[in-house]
Amino acid sequence: MSIPISTVSVSSSIVFGMYRNCLYHLCKLKYGTPNVKPSKLDIFLSGYAAGGLRVFVSSPADMAKVRLQTQVSPYRSNMCTLLTQPKYTGPVNCLLTIVKEDGFFGLYKGCFALMFRDCHSFATYFLSYAVFREWFVPVEQSNSELMGVLMAGGLAGVVAWSIATPMDVINSRLQADGVTQRRYRGFIHCITDSVRQEGVTVLFKGLSLNCLRAFPVNMVVFLTYEAILKTIKPFST
């Protein structure tokens with residue numbers, strides 16, 4: 001978990017920074033000024049671009065996490081000692097081994113699934129947050145703003161992960177493939193083989209857990225996001 005933890009702030013900064021800057025320039029281009037209420041399409045496109053950029057940072061971190069979490073080291077039942085050494089001794093060793101075996105682009109194995117996951121989920125993420133926020137906080141500076149932001153953020157996270165889970169399953173399978181032997185020939189083959197072997201429900205494995213985690217996490221994320229925007233607003237030009 002050391003690499004995902006160390007890169008989560010960077011990837012979050014990229015996502016929210018890209019989203020805000022895309023929205024700013026898109027509104028300026030379309031309406032002549034950024035100080036207007038963006039349309040739902042503006043929000044969707046800005047979120048889509050933010051998700052696409054995130055892939056370049058998150059893919060190597062996801063690769064290391066998945067490979068380390070799925071490698072199995074057999075133990076003796078009586079001695080509790082390793083029978084064989086694990087292939088990867090840590091996240092840095094994992095990344096270096098992947099580059100050595102598959103080249104630099106091996107770090108981006110499964111990036112098509114990751115691109116589909118992040119582009120669509122972040123577009124939905126920001127759009128659903130904007131919609132839910134309008135519902136829960138219809139008037140700016142309303143007394144219900146705190147609870148409205150919390151509810152909107154939590155529900156936005158649930159909606160986004162509902163969209164993201166199928167491609168998250170495929171991405172994880174592609175990234176784990178090759179630790180011992182290769183099973184999938186590519187993105188499409190991974191989808192078709194997984195569905196043929198386990199049924200279409202395989203694409204939604206872990207959905208309930210993802211949604212259960214997403215609600216409290218994104219409540220905090222958007223509460224922090226709104227607080228930071230309010231703090232820096234007097235200093236923005």
Side-chain angles (χ1 to χ4, degrees), residues 4-5 7-27 34 36-55 57-59 61-62 113-172 203-233:
I5 288 172
T7 57
V8 66
S9 60
V10 176
S11 62
S12 294
S13 296
I14 288 172
V15 166
F16 281 89
M18 183 66 173
Y19 168 72
R20 291 293 297 184
N21 278 282
C22 271
L23 201 58
Y24 177 91
H25 290 291
L26 193 57
C27 289
V36 295
K37 182 181 178 180
S39 69
K40 300 296 187 291
L41 180 60
D42 298 334
I43 294 170
F44 183 87
L45 292 175
S46 299
Y48 201 93
L53 186 62
R54 181 182 181 273
V55 172
V57 176
S58 63
S59 184
D62 275 4
L114 194 61
M115 187 76 75
F116 273 105
R117 184 194 77 177
D118 284 357
C119 287
H120 292 88
S121 64
F122 277 105
T124 308
Y125 182 57
F126 288 109
L127 178 59
S128 58
Y129 173 71
V131 171
F132 286 133
R133 195 183 187 285
E134 283 185 1
W135 289 357
F136 293 121
V137 192
V139 181
E140 194 70 23
Q141 302 301 326
S142 167
N143 293 330
S144 62
E145 185 174 9
L146 175 62
M147 286 305 299
V149 168
L150 289 172
M151 288 299 296
L155 290 172
V158 170
V159 171
W161 268 107
S162 299
I163 299 294
T165 295
M167 287 299 104
D168 188 57
V169 171
I170 298 303
N171 175 59
S172 296
L203 299 177
F204 297 93
K205 275 189 173 180
L207 175 60
S208 57
L209 185 60
N210 284 338
C211 292
L212 189 65
R213 176 192 64 181
F215 193 87
V217 167
N218 290 286
M219 286 172 67
V220 176
V221 166
F222 274 105
L223 184 64
T224 306
Y225 170 69
E226 293 286 355
I228 290 173
L229 287 183
K230 284 188 176 181
T231 301
I232 66 174
K233 189 174 182 179

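Asn218 and Tyr125 are linked by a side-chain donor-acceptor pair at a separation below 3.5 angstrom, with hydrogens and angles left out of the test.
With values rounded to the nearest 0.5 angstrom, Lys230 atom NZ is found 13.0 Å from Tyr225 atom OH.
A heavy-atom distance below 4.5 Å is not found between the side chains of Ser11 and Ile14. Residues Leu114 and Ser58 have side chains in contact (heavy-atom distance under 4.5 Å, counting atoms from C-beta outward). Using a 4.5 Å cut-off on side-chain heavy atoms (C-beta onward), Val149 and Arg133 make contact.
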Using the side-chain contact (heavy atoms from CB on, under 4.5 Å) rule, take Leu223 and Leu146 through it: C-alpha gap first, then chi angles, then the decisive distance, then the call. CA-CA 8 Å; Leu223 184 64; Leu146 175 62; 3.4 Å; yes
- [ ] Decide side-chain contact (heavy atoms from CB on, under 4.5 Å) for Arg20 and Leu229; before the verdict, give the C-alpha distance in whole Å, the side-chain angles of both, and the deciding distance to 0.1 Å.
- [x] CA-CA 10 Å; Arg20 291 293 297 184; Leu229 287 183; 3.9 Å; yes
Run Lys40 and Leu127 through side-chain contact (heavy atoms from CB on, under 4.5 Å) and show every step you take.
CA-CA 7 Å; Lys40 300 296 187 291; Leu127 178 59; 3.6 Å; yes
query: How far apart are the C-alpha atoms of Val221 and Phe16, what are their side-chain angles, what is the distance that settles it, and do they pass the side-chain contact (heavy atoms from CB on, under 4.5 Å) test?
result: CA-CA 11 Å; Val221 166; Phe16 281 89; 3.6 Å; yes
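A distance-only check finds a donor-acceptor pair linking the side chain of Thr124 to the backbone of His120 [under 3.5 Å]. The closest donor-acceptor contact from the side chain of Ser46 to the backbone of Leu23 lies under 3.5 Å. Remark: side-chain polar atoms of Asp168 are not paired, donor with acceptor, to backbone N or O of Ala164 under 3.5 angstrom.
Test Phe136, Phe132, Trp135 against Met151 for side-chain contact (heavy atoms from CB on, under 4.5 Å) and you get one pass: Phe136.
Between Asp62 and Arg117, at least one side-chain nitrogen of the basic residue sits less than 4.0 Å from a carboxylate oxygen of the acidic one, meeting the salt-bridge criterion.
Between Phe122 and Phe44, a ring centre-to-centre spacing not shorter than 6.0 Å is recorded.
Val158 and Ala214 make their closest contact through N-CB, 4.0 Å (heavy atoms, listed as atom of the first residue, atom of the second, distance). Across Ala130 and Ile43, no two heavy atoms sit closer than the pair CB-CD1, 3.6 Å. In plain terms, the two heavy atoms of Cys211 and Ser162 that are nearest each other are SG-OG, 3.9 Å. Listed here is the closest heavy atom pair of Gly148 and Val137: CA-CG2, 3.6 Å. When all heavy atoms of Val169 and Lys205 are compared, the pair lying nearest together is CG2-O, 3.7 Å. Heavy-atom minimum distance, Asp118 versus Gly51: CB-O, 3.4 Å.
In this pair, Phe222 and Tyr129 present their aromatic rings parallel. The plane angle is below 30°, not in the 30 to 60° band.
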